[in-house]
Structures are given as structure tokens and as C-alpha cells.
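A quick write-up on the structure given underneath.
Note on naming: letters A, B, ... go to the chains in the order of the sequence lines (proteins, then strands), and numbering restarts at 1 for each one.
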Amino acid sequence: MDYKKTLNLPSTKFPMKANLSKREPEQLKEWEESRLYDNIREASKDRELFILHDGPPYANGHIHIGTALNKILKDIIIRSRQMSGLNAVYVPGWDCHGLPIEHNVDKELGARKKDISQAEIRRLCRSYAEKFIDIQREEFKRLGVMGEWENPYLTMNYKYEATIAKECGKFALEGSLFRSKKPIYWCCRCKTALAEAEIEYGDESSPSVYVKFPLEDDLSKKIPVLSGKKVSVVIWTTTPWTIPANLAVCLHPDFKYAAVDTGNGEVFILAKDLVETCMKTFDHPNFTILADIKAQDLERKQCMHPLYDRKSLIILGGHVTLEAGTGCVHTAPGHGAEDYEVGLLYGLDTYSPVNDTGCFTGDVDFFEGKFVFDADKDIVAKLKDTGALVYEEKIKHSYPHCWRCKKPVIFRATPQWFISMDKTGLRKKSLDEINRVEWIPKWGRDRIYTMIENRPDWCVSRQRAWGVPITVFYCEKCGAVHINQEIIDHVYSLFEKHGADIWFEREVKDLLPENTVCQKCGNKTFTKENDILDVWFDSGVSHAAVLEQRLNLKWPADLYLEGSDQHRGWFHSSLLTAVGTRGRAPYKSVLTHGFVVDANGKKMSKSIGNIIAPKKVIDRYGAEILRLWVAASDYRDDIRISDKILKQLTDTYRRIRNTCRFIMGNLYDFEPLKDSVPYEAMQEIDRFALHKLQLLIEKTNKAYNDFEFHVIYHALYNYCTVDLSAFYLDILKDRLYTSPAKSEARRSAQTVMYILLDAVVRLMAPILSFTAEEIRRFMPERKEKSIHLSSLPTARDVWKDESLAGRWERILEVRGEVTKAIEVARNKKLVGHSLDAAVTISVKKDLYDLICPYEDELRSVFIVSGASIVKEEKFADAYASDDVEGLSIMVEPAAGDKCERCWIHDVSVGTDSEQPTICNRCKDALKFQAEPK
RNA sequence: GGAAGGUUGGGCGAGCGGUUGAAGCCGGCUGAUUUAUAACCAGUUGUAGGUGUUAGAGGCACCUACCGAGGGUUCAAAUCCCUCACCUUCCUCCA
């Protein structure tokens with residue numbers, strides 16, 4: 001007889017091979033067709049809201065591994081909050097305006113751009129953004145990220161654009177929006193502002209000149225030796241054309257300066273460390289150093305401008321270096337970024353007497369109308385005339401050029417719009433709000449706090465096409481800025497209907513409410529501002545455009561979650577726009593993650609060639625593996641990804657999957673409602689398994705709550721391998737296979753396995769969303785249509801039994817020693833399979849008393865054919881435990897023959913002539929099986 | 001240059017003054033099994049230097065050092081402090 005057929009062996013159609021890359025798209029389609037997301041919304045509409053507000057990715061290019069990490073993290077959080085009883089609505093968004101798109105459209109247009117209107121360029125930008133939104137949407141969905149994909153928020157939606165203008169208007173009315181000058185890159189040929197990204201650096205030959213700035217203030221009180229001498233501060237520059245705009249000379253606060261007698265009756269002031277080389281250059285071999293001077297002693301002293309009858313102030317700044325020049329930096333706040341910054345500190349004007357075409361304005365004596373680069377030689381000549389020129393040469397150096405026309409660019413101050421950090425207390429209020437927000441990890445608070453504390457006013461204007469205009473008007477007659485509530489409301493309704501495009505398509509009179517009159521001069525004609533807003537303002541007001549306006553959302557959000565770079569980006573701009581207009585931060589907590597790096601911790605870059613694209617991972621391993629990777633990593637630091645790591649994750653995935661499969665295989669004939677065994681009737685080891693499950697549930701629920709997903713990954717995996725595979729399920733095999741199918745012993749095991757699997761599947765659902773659903777389909781008794789409509793398991797105190805668990809932990813300890821002892825016997829070829837063995841263990845009294853009641857069970861717990869326990873006996877040649885004091889284990893070949901059915905050696909085998917190859921236990925089982933109850 | 005975070009064994013990660021040469025799991029190796037079988041189970045597994053055993057090699061036993069590097073505090077440090085190196089992010093008309 002083939003006894004194998006009489007066993008209750010596992011049976012399931014659940015495939016061992018996951019085949020994720022093929023099966024996932026089918027699952028996604030099924031979810032979409034069954035409108036799972038909508039069903040979840042409907043089912044949880046009365047629950048408390050949980051809002052994770054999506055930071056909009058930029059609608060350009062394909063998603064990369066970092067975007068995938070971000071979106072999967074969000075998805076795990078949303079799903080887990082949803083399953084813990086909240087209503088977690090997720091509205092994804094995209095950032096659509098901005099330079100990169102405009103830049104790419106520019107590139108596609110090439111020379112044709114000149115013939116195309118701004119409105120037309122905007123249309124092309126819009127369709128460019130739309131294209132990539134569609135691409136990215138599909139890529140995000142493929143990751144298993146669930147949300148309102150058919151109704152995302154786009155910063156270029158008409159209503160969103162209207163909101164941007166309105167929010168900006170609030171700053172204008174409140175008085176913190178103001179106009180001031182700031183130097184920017186400017187191409188004189190294209191007559192346009194340039195971004196850093198539009199600059200190409202190339203070698204250029206420039207004049208290099210040293211110029212005297214006669215000291216006006218008298219130093220001789222402090223340094224008597226200078227009394228009666230002609231003292232000058234000597235500066236160095238490679239852009240003589242900026243000298244007309246000079247307002248200051250900057251020294252480093254920590255450098256030593258020297259007053260040097262040139263030997264020609266003149267005294268130069270320059271950095272002491274550079275005296276030697278400079279004097280050599282100037283050909284003053286007979287110089288003498290008259291005195292050392294501290295930079296602080298020169299601060300706020302006055303020099304004379306070398307060309308004009310005005311002063312130049314001596315100031316201090318950290319950007320001064322000793323690498324070249326004199327350690328005294330010619331400073332024109334209208335023509336340099338650092339000059340501008342330091343100029344602000346000293347209250348200097350942003351003087352920039354150069355027009356759009358790069359020619360000097362009428363402000364500039366001697367050189368009016370001259371193109372600045374052409375003026376260089378005239379200025380040098382003039383300096384020579386006045387005697388201010390110390391030395392002149394030519395040098396080659398790297399200089400910025402326009403990406404389009406390849407001409408050298410200049411730095412030029414132009415009027416810009418700013419939001420003041422301090423006029424209306426924005427900085428202070430923001431800092432207060434930072435302290436009310438929960439920052440995870442904690443250092444995020446300090447990071448953004450320092451940034452807000454130290455940042456300059458926010459320059460919100462850009463001279464660009466693809467964005468939302470700053471909707472202010474200027475009186476054509478008196479030039480006064482015109483903005484009020486009526487205009488804001490009017491523009492809002494126009495934008496809502498036509499988008500911001502209307503600003504560029506229509507004439508001013510069509511954009512203003514009727515009968516608008518300049519309040520200053522009574523004039524009725526206006527011009528409009530052409531600058532657009534910084535795109536950070538666009539995404540920064542998403543709380544107003546999305547959270548506040550959508551009925552299914554709320555303000556403020558519970559959580560913002562982005563990479564740590566967004567402390568300077570979106571967290572920052574969102575905070576300022578919300579505090580400025582509503583007095584409060586738009587988020588209750590902010591979570592940040594690190595960046596994805598390669599196996600060696602290096603960032604991913606095209607040039608190094610170490611990029612791992614999400615698509616590659618998905619095609620090869622499946623999105624599920626990517627999700628597992630996200631969950632397994634501690635995302636607060638930078639996280640690594642490599643083929644090796646992914647392979648390993650595939651292994652762990654397979655183990656989890658297979659553990660579930662094994663359980664399902666053993667539940668093929670189990671109907672929970674009908675066959676379940678009540679807790680009280682269960683075997684102790686089954687109750688122990690339930691106890692362990694409660695611990696797992698408690699641990700994972702806490703981890704979900706704390707966003708510590710790697711804890712869940714490890715807990716879940718260890719549970720599957722250690723608690724289940726290696727212990728509980730391994731022991732259970734005998735009971736499941738050989739007991740009568742409907743016996744209480746087997747039903748008890750099945751009951752527990754069912755509970756286990758049910759919990760494990762729910763608990764993995766936020767992470768392994770595909771697999772959880774797949775398993776769910778193969779389980780008996782499904783209450784909800786989808787696992788994602790169910791909830792996370794909750795721990796049941798009645799299933800926790802500490803004293804029982806304590807006893808079993810001791811037994812487990814002994815079991816570990818027994819397997820070691822068997823291994824020793826196996827190496828001696830005494831036994832092969834553990835069922836070939838019979839063990840006798842000797843233990844100390846207290847342990848003996850604890851284990852003795854379980855003596856009958858030891859056989860199955862140890863998975864041997866016989867087990868007995870004795871008190872404090874000495875065995876000859878037994879295995880003595882190192883870990884458990886007084887424990888020694890004797891392993892012998894089991895007595896009796898091996899039962900063909902259950903493989904246990906038993907003396908009863910062969911005693912029955914009808915069934916000579918099986919044991920009495922199996923005989924009883926077969927009898928019971930034949931005529932149940 | 002400035003600001004912030006980080007660096008634990010082949011991998012993921014515990015540990016945050018002593019019980020830690022360093023949990024657990026994975027991977028590797030060896031074995032067992034063929035009733036989860038492209039699965040499951042058990043055992044084993046860091047590197048370097050030294051000493052002993054040995055004819056020598058291997059093996060075994062013991063000692064020392066190593067948690068980015070170096071120094072310090074302490075009876076005691078992966079854990080606290082300092083310096084340095086490296087990695088990542090930010091410093092914006094880049095999202």
C-alpha cells in the first residue's frame with residue numbers, strides 16, 4: 001500500500017514562483033478595474049482624515065531611483081495609516097513651471113525661438129510638461145503607489161495658477177512684497193537675464209589692473225609714521241568697466257595689512273602677505289614696510305574714487321582671499337554677487353549704471369553710451385591720466401558666457417521683487433512655527449531653523465516665460481506700483497478661466513478692472529509687470545491650492561515627506577508662504593529621507609555610470625522587490641542599492657512568500673468558521689505560537705506608527721524564518737500530515753496557522769502590497785474584496801500568556817542543545833535524519849520539574865522518534881551543554897523500525913501482519929480517517 | 001569656503017559606558033533530508049599578528065589588536081570628548 005496517499009500533505013495552487021514582473025501589471029489592472037482606490041475612499045469616508053501632502057516632482061524626464069524611494073515611502077505610510085483605521089487620502093502632484101522645461105523647449109526650438117511669441121512658448125512648455133506627467137504617472141503607478149492619479153494637482157492648472165497669483169497678492173497687500181535691485185547674470189546681446197544653468201565657462205583674455213584709491217581719512221593718529229604722507233589702498237580687478245560703479249573697497253577681517261613705502265614717496269596699503277609679490281610686480285624694489293595695520297582699524301574709513309569726486313568706503317568681508325591681487329577687493333554691489341551681499345550689510349546702494357545692451361547710462365561721466373567691454377581700455381587710459389593706475393597687464397582666465405550666443409556675460413543689477421523676511425515679522429513668525437512642528441529626524445528642526453534665521457529676503461521674481469506672473473501694474477504716467485484687493489480678485493477670476501497665459505496674451509486694459517485709476521496721479525493707463533514668480537513660490541503655495549481647496553483634504557497637513565534637500569526647498573517655501581498668509585505652518589510634522597547611493601556609498605551619476613533605474617529593477621525583479629528594499633533600509637541615512645542587495649532581497653522575499661505558501665497548502669481543507677478550535681482547547685505549543693504572534697503584531701504596529709519600516713521588515717522576516725519555518729511549522733508537520741484530517745489536534749494547528757497567516761498578510765500589505773493581495777485570494781473566508789480594504793491586525797491580550805511563554809522559551813533552549821547533540825551524532829554516522837534518533841536528556845531539578853509535564857510532547861518538539869527526561873543523571877559519553885547548566889543529552893539510534901507512513905521509529909512497527917510497515921499510531925489514524933467520529 | 005547628517009564584519013542591520021569580537025537574519029561553507037523539494041532542517045563561518053602542539057604543512061589550543069583613522073577621558077569605550085579622512089545633502093533666476 002502506498003501510505004503516502006493517506007497523509008494530509010499540503011496542497012495549494014498558489015505558485016511558488018512569484019513571477020512578479022509579469023503578475024504585477026495584471027494585479028494593477030485588476031485593482032484599477034475594480035476601482036479599489038475609490039472603494040477604499042467610500043468605505044472610510046467617515047473616518048478621521050490623515051493627510052500626507054505630496055511634494056510635487058518636477059515634470060521633466062523619467063522617474064529615478066530616488067523618486068521611486070520617495071513615492072514608495074509615501075505609499076507605505078498612506079497604506080499603513082489607512083489600515084490602522086484612518087482615512088488616508090492621497091492626491092499626487094506635479095511641479096510644472098520653471099526653467100528646465102523652458103530651457104528644453106528653447107533647445108527644441110533653436111533659432112526659431114525669436115519668431116515665436118511668449119504665449120506660444122508657454123503653450124509648448126505646457127504640452128511638454130503634460131507629456132512627462134503622463135510618463136511619470138504610469139511609472140509611479142507601476143510601483144504600486146495608490147492615489148488619485150486621475151485627478152492629481154498640477155501647478156499649471158488654471159485654478160492653481162490663479163491661486164499662485166492670489167497668494168502672491170496677499171504678500172503685496174500685506175506690505176512684505178517690495179522691489180529692489182539685485183545683480184544677476186545678463187547677456188547684453190540676447191538682452192536677457194540668465195540662470196546659472198545657462199552659463200558656460202570658457203577662457204577669456206581680460207585686462208588685469210591695479211588701482212590706487214587714495215585714503216581720505218587720516219590714519220596718522222593711530223599710525224604716526226603715516227603723518228603727512230600720500231596713502232592709498234591698492235585694489236586689483238579684471239573688470240575695469242565696473243570701476244565707475246565702485247562704492248567700496250573690501251578687506252578681510254582676519255588678514256594683516258601693511259602700509260608700504262614704495263620708495264617713491266607714496267604709501268600703499270595692501271595685505272601683508274602679498275606685499276613682496278606685488279612690489280615686485282609694480283617694480284618698486286626699494287619698498288619698506290612702515291607699519292602693520294589691522295583690518296578693523298580701516299573699517300568704515302573713506303577712500304576717494306579714482307575717477308570721480310565721490311567716496312569709496314572701506315568695508316570687511318569674508319570672501320576676500322590672498323590667492324591673487326592685493327587683499328583689497330574693489331567692490332561694486334551692482335556688478336557682483338558677493339559685492340552685493342556684503343554691500344547689503346553696509347547699506348550700500350546697488351549701483352549699476354549699465355543698460356540692457358551693456359552700455360553705460362548717462363550717469364557715467366566720460367563713458368556714457370559706451371559698451372562696457374569696449375570701455376575697458378578707455379577707463380584704463382583715464383586711470384593712467386589721473387595717476388591712479390599702478391600697474392596693468394593682460395591675463396587669461398575662465399569667464400562666464402551665454403549658452404546661446406556664446407558672448408561673455410556681465411553681472412548687472414536689475415529691479416527684482418522680494419518678499420521681506422522682517423518687514424512684517426515673517427522670519428520671527430516662521431521660527432516660532434518651526435518649533436511647533438515635529439521634525440523627523442530631530443535634526444531637521446535645527447537645519448531649517450538656521451536657514452530661516454540667516455536667509456536674506458526672498459527674491460521671487462524671474463525674467464522668464466514659463467511661470468506665473470507677478471500680477472502688479474505700473475502707472476504709465478507716474479510709474480507707481482498698482483495692486484489692490486480688487487485687482488487681485490479680478491486677476492484671480494481671469495486666471496481661473498484662462499490660465500496665467502492671458503497675462504501674456506492680452507493688453508493691459510483687458511487685465512484690469514474697468515475704470516482703474518492711479519491713486520497717486522489719477523492717470524488711467526498702466527503697464528503690467530512681465531517678471532514671473534520663482535517656481536518655489538508655485539509649489540510653496542500647494543497648501544493653499546490643494547489642501548485648502550479640495551473638499552476631501554484638510555489644512556494643515558499631517559505630514560510632508562521629502563528628501564533632506566527640501567529643507568532648503570519645498571519645506572522652506574511652503575513654510576514661508578503659509579506663515580506669511582495664514583500665520584501657521586502648513587504641516588504638523590515633516591519627515592525626511594536620505595539619498596540613494598551605490599554599493600560604495602557614492603552618489604549616482606551618469607558620468608560614473610552607476611545609475612540603477614527603477615524600470616530595470618522592476619523588469620528584472622518586480623516592483624515588490626523595490627518596495628521591500630525601501631522597507632528594509634533605514635531611510636533616515638543615505639541608502640545603498642546594488643544588484644547584490646536586490647538579489648538578497650529577492651531571497652528574503654522568496655522565504656516570506658514560501659512560508660505563506662506552506663501555510664496555505666495546509667489549509668486546503670480548513671474552513672475557519674466551521675473547523676476552528678477554541679483557544680482553550682488548543683495545544684500549548686499552538687497557544688505559544690499565538691503568543692509570539694501577538695508580540696510580532698505589537699512590534700510592527702509600533703513601528704508603523706513611528707515610520708520605522710526596517711524594523712517591520714526584520715521582524716516579519718525573522719518571524720517567518722525563525723519562529724515559523726525553523727520552529728513551529730517544522731514541528732507541526734508531523735501533526736498536520738499524519739493525524740486524522742479532521743482530528744482536533746490537526747484542526748488546532750490549522751486554526752493557529754490560519755490566524756497567523758491572516759495577521760501576517762495584513763501586516764505586510766502596506767509594504768508587499770501585491771503579494772499580500774495575491775495570498776489573500778488563496779485564503780479561505782475573505783471578508784473584504786481586497787486586502788487593502790482590511791485593517792492591520794491588533795494584538796489580543798487574551799492570547800498573550802507570559803508564563804506559558806516563559807516555560808516554552810526554556811524548552812526552546814533545551815531544543816537548541818538537542819539539535820546540537822544530534823548533529824554530533826550525525827557526524828559520527830550514528831544517525832541521519834533526526835527521526836532516526838532517540839534522545840534522553842538529563843537536567844537539574846528545577847528544569848526537570850518544568851519540563852516533566854511535557855515529556856510526551858518532547859518527541860515531536862525535538863522532531864525525534866523518542867525522547868525522555870531524567871533528573872540529574874550522569875551519562876557516559878553524552879553531549880554536555882555549554883549553555884544550559886547541568887544539561888546533558890544522550891543520542892541513540894531509535895528503537896524499532898521506521899514507520900513507512902510517519903517515518904517515526906517505533907517498536908510497534910512489524911507487530912501487525914496485515915499492516916507490517918506502519919506503527920500503531922498510524923493504524924489508529926487510518927481507522928479514524930476511514931470512519932470519522 | 002560655510003551649514004547639516006553620516007561611516008559597525010561579504011549584505012541588511014542591533015548595540016548608544018562594563019554581561020560585545022560585537023545580537024538577529026541573510027549570504028558562504030559542510031552535512032542531513034526528499035512528507036514546503038528551484039523548498040525545508042542542522043551545524044559551521046571575520047581579519048591580522050603572536051605563542052604552543054607538530055619533522056614540516058594542515059589542523060587544533062591559547063594570547064593580542066581591530067566597530068573610517070589617530071589621540072584623549074575612564075578601573076572600563078563601538079558607545080563620551082577632540083583632531084583628521086572619506087561619503088551624502090544644502091548654500092537658488094537647479095527642481
Q.
Counting the atoms with a prime plus P, OP1 and OP2 as sugar-phosphate, which does A/Val824 contact under 4.0 Å by heavy atoms, base, sugar-phosphate, or nothing?
A. nothing
Q: May I ask you to decide whether A/Arg746 forms a salt bridge with A/Asp669, counting only side-chain N to carboxylate O separations under 4.0 Å?
A: yes
Q. If you check every side-chain atom of A/Leu99, which of B/C25, B/A95, B/C12 has the closest atom?
A. B/A95
Q. What integer distance in Å separates A/Asp836:CG from B/U33:P?
A. 7 Å
(Q) If you go through the side-chain atoms of A/Gln463, does one of them form a donor-acceptor pair with the base of B/C93 closer than 3.5 Å? (A) yes
Q. How is A/Arg455 classified with respect to the nucleic acid when contacts are heavy atoms under 4.0 Å: base, sugar-phosphate, or nothing?
A. nothing
(Q) Taking the ring centre of each residue, are A/Phe132 and A/Tyr128 less than 6.0 Å apart? (A) yes
Q. Does A/Gln118 reach the side chain of A/Ile121, with side-chain heavy atoms less than 4.5 Å apart?
A. no
Q: Side-chain contact test, heavy atoms from C-beta onward, threshold under 4.5 Å: evaluate it for A/Gln750 versus A/Asn8 and give yes or no.
A: no
Q: Mind telling me whether A/Tyr160 and A/Tyr153 have parallel, tilted or perpendicular rings, with 30° and 60° as the class edges?
A: parallel
Q: Grab the CG-P distance between A/Asp534 and B/C93 for me, whole Å please.
A: 8 Å
Q. Does OP1 or OP2 of B/A4 have a side-chain N or O of A/Arg636 closer than 4.0 Å?
A. no
**Q.** Quiz item: A/Arg447 side-chain donor-acceptor pair to B/U89 base, under 3.5 Å
**A.** yes
Q.
How many whole angstroms separate atom CG of A/Asp457 from atom P of B/C93?
A. 14 Å
Q: Please measure how far the P atom in B/U30 lies from the corresponding atom in B/G46, and state the result in whole Å.
A: 16 Å
Q. Considering only B/C25, B/C12, B/U88, which nucleotide approaches the side chain of A/Phe595 most closely?
A. B/U88
Q) Base, sugar-phosphate alone, or nothing: which one does A/Asp634 contact when heavy atoms must sit under 4.0 Å apart? A) sugar-phosphate
Q: Provide, to the nearest angstrom, the distance between the CZ atom belonging to A/Arg568 and the P atom belonging to B/A4.
A: 13 Å
Q) If you check the A/Asn658 side chain, which of B/A95, B/G5, B/A36 turns out closest? A) B/A36
Q) Could you give the CD1-to-C1' distance, from A/Ile608 to B/U88, as a whole number of Å? A) 12 Å
Q.
Between B/C16 and B/C81, how far apart are the two C1' atoms, rounded to whole Å?
A. 15 Å
Q: Answer yes or no: does a side-chain N or O of A/Tyr737 lie under 4.0 Å from OP1 or OP2 of B/A36?
A: yes
Q) Of all the choices, B/G43, B/A36, B/A95, which nucleotide is nearest to the side chain of A/Phe662 once you look at every atom? A) B/A36
Q. Can you find a side chain N or O atom of A/Arg655 that sits less than 4.0 Å from OP1 or OP2 on B/C40?
A. yes
Q) Any donor-acceptor pair under 3.5 Å between the side chain of A/Gln648 and the base of B/G11? A) yes
Q. Using a cut-off of 4.0 Å on non-hydrogen atoms, how would the nucleic acid contact of A/Lys647 be classed: base, sugar-phosphate, or nothing?
A. nothing
Q.
Does B/G27 have OP1 or OP2 under 4.0 Å away from a side-chain N or O of A/Lys644?
A. no
Q) What nucleotide among B/U88, B/A32, B/C25 has an atom nearest to a side-chain atom of A/Val597? A) B/U88
Q.
Strictly below 4.0 Å, N to O, side chains only: are A/Lys699 and A/Glu708 in salt-bridge contact?
A. no
Q. What stems involve RNA chain B, if each pair must be Watson-Crick or G-U and both of its distances must be under 3.5 Å, with 3 or more such pairs in a row?
A. B:1-7 with B:85-91, B:10-12 with B:24-26, B:27-31 with B:41-45, B:46-53 with B:59-66, B:68-72 with B:80-84
Q: Using only heavy-atom distances, decide whether a donor-acceptor pair under 3.5 angstrom links the side-chain of A/Lys733 to the base of B/A36.
A: yes
(Q) Among B/U92, B/C12, B/U88, which nucleotide has an atom closest to any side-chain atom of A/His714? (A) B/C12
Q: With heavy atoms under 4.0 Å as the rule, sort A/Gly832 into base, sugar-phosphate or nothing.
A: sugar-phosphate
Q) Quick one: which of B/G24, B/A95, B/A42 gets closest to the side chain of A/Thr819? A) B/A42
Q) Hey, does A/Val831 reach any base, or is it just sugar-phosphate, or nothing, if we go heavy atoms under 4.0 Å? A) nothing
Q. Within the structure shown, what part of the strands sits under 4.0 Å from A/Arg654 by heavy-atom distance: base, sugar-phosphate, or nothing?
A. sugar-phosphate
(Q) Check the orientation of A/Phe778 and A/Phe14. Use parallel for under 30°, tilted for 30 to 60°, and perpendicular for over 60°. (A) perpendicular
Q | Integer angstrom distance from the P of B/C90 to that of B/G10 | A | 31 Å
**Q.** Separation of B/A36 C1' from A/Asp734 CG (nearest whole Å)
**A.** 15 Å
Q: Rounded to whole angstrom, note down the C1' distance from B/G13 over to B/U7.
A: 14 Å
Q: Report the distance from atom OH of A/Tyr58 to atom P of B/U92, rounded to the nearest whole Å.
A: 18 Å
Q.
Between B/G59 and B/C41, how far apart are the two P atoms, rounded to whole Å?
A. 31 Å
**Q.** Rounded interatomic separation in angstrom, taking CG from A/Leu646 and P from B/C26
**A.** 19 Å
(Q) Test of understanding: with ring-ring contact (aromatic ring centres under 6.0 Å, His included), list the residues that count as partners of A/Trp439, not counting sequence neighbours. (A) A/Tyr587
Q) On a plain distance test, is the side chain of A/Ser725 in donor-acceptor contact with the base of B/A36 below 3.5 Å? A) yes
Q) Considering only the C1' atoms, how many Å lie between B/G15 and B/A78, rounded to the nearest integer? A) 8 Å
Q. Counting side-chain heavy atoms from CB outward, which of B/C25, B/C93, B/G5 is closest to A/Tyr717?
A. B/C25
Q | Inter-nucleotide P distance (B/A3, B/U8), Å rounded | A | 25 Å
(Q) Considering every strand and a 4.0 Å limit on heavy-atom distances, what is the contact class for A/Ala599: base, sugar-phosphate, or nothing? (A) nothing
Q) Which is true for A/Thr12 with a 4.0 Å heavy-atom rule: it touches a base, it touches only sugar-phosphate, or it touches nothing? A) nothing
Q. Is there side-chain contact between A/Val630 and A/His593, with at least one heavy-atom pair below 4.5 Å?
A. no
Q | Touch class at under 4.0 angstrom, heavy-atom based, for A/Lys829 against every strand present | A | sugar-phosphate
Q: Could you work out the separation of B/G5 and B/G9 based on their P atoms and round it to a whole Å?
A: 23 Å
(Q) Working to the nearest 0.5 angstrom, can you tell me the gap between A/Leu716 CG and A/Ile767 CD1? (A) 7.5 Å
Q: Scan A/Gly601 against the nucleic acid and name what it touches under 4.0 Å (heavy atoms): base, sugar-phosphate only, or nothing.
A: sugar-phosphate
Q.
Measuring to OP1 and OP2 of B/A14, would you say a side-chain N or O of A/His710 lies under 4.0 angstrom away?
A. yes
Q: May I ask you to say what A/Cys459 touches in the nucleic acid, namely base, sugar-phosphate or nothing, with a heavy-atom cut-off under 4.0 Å?
A: nothing
(Q) Main chain of A/His833, side chain of A/Asp836: is a donor-acceptor contact present, judged purely on distance under 3.5 Å? (A) yes
Q. Heavy atoms under 4.0 Å, any strand shown: does A/Trp536 hit a base, just sugar-phosphate, or nothing?
A. base
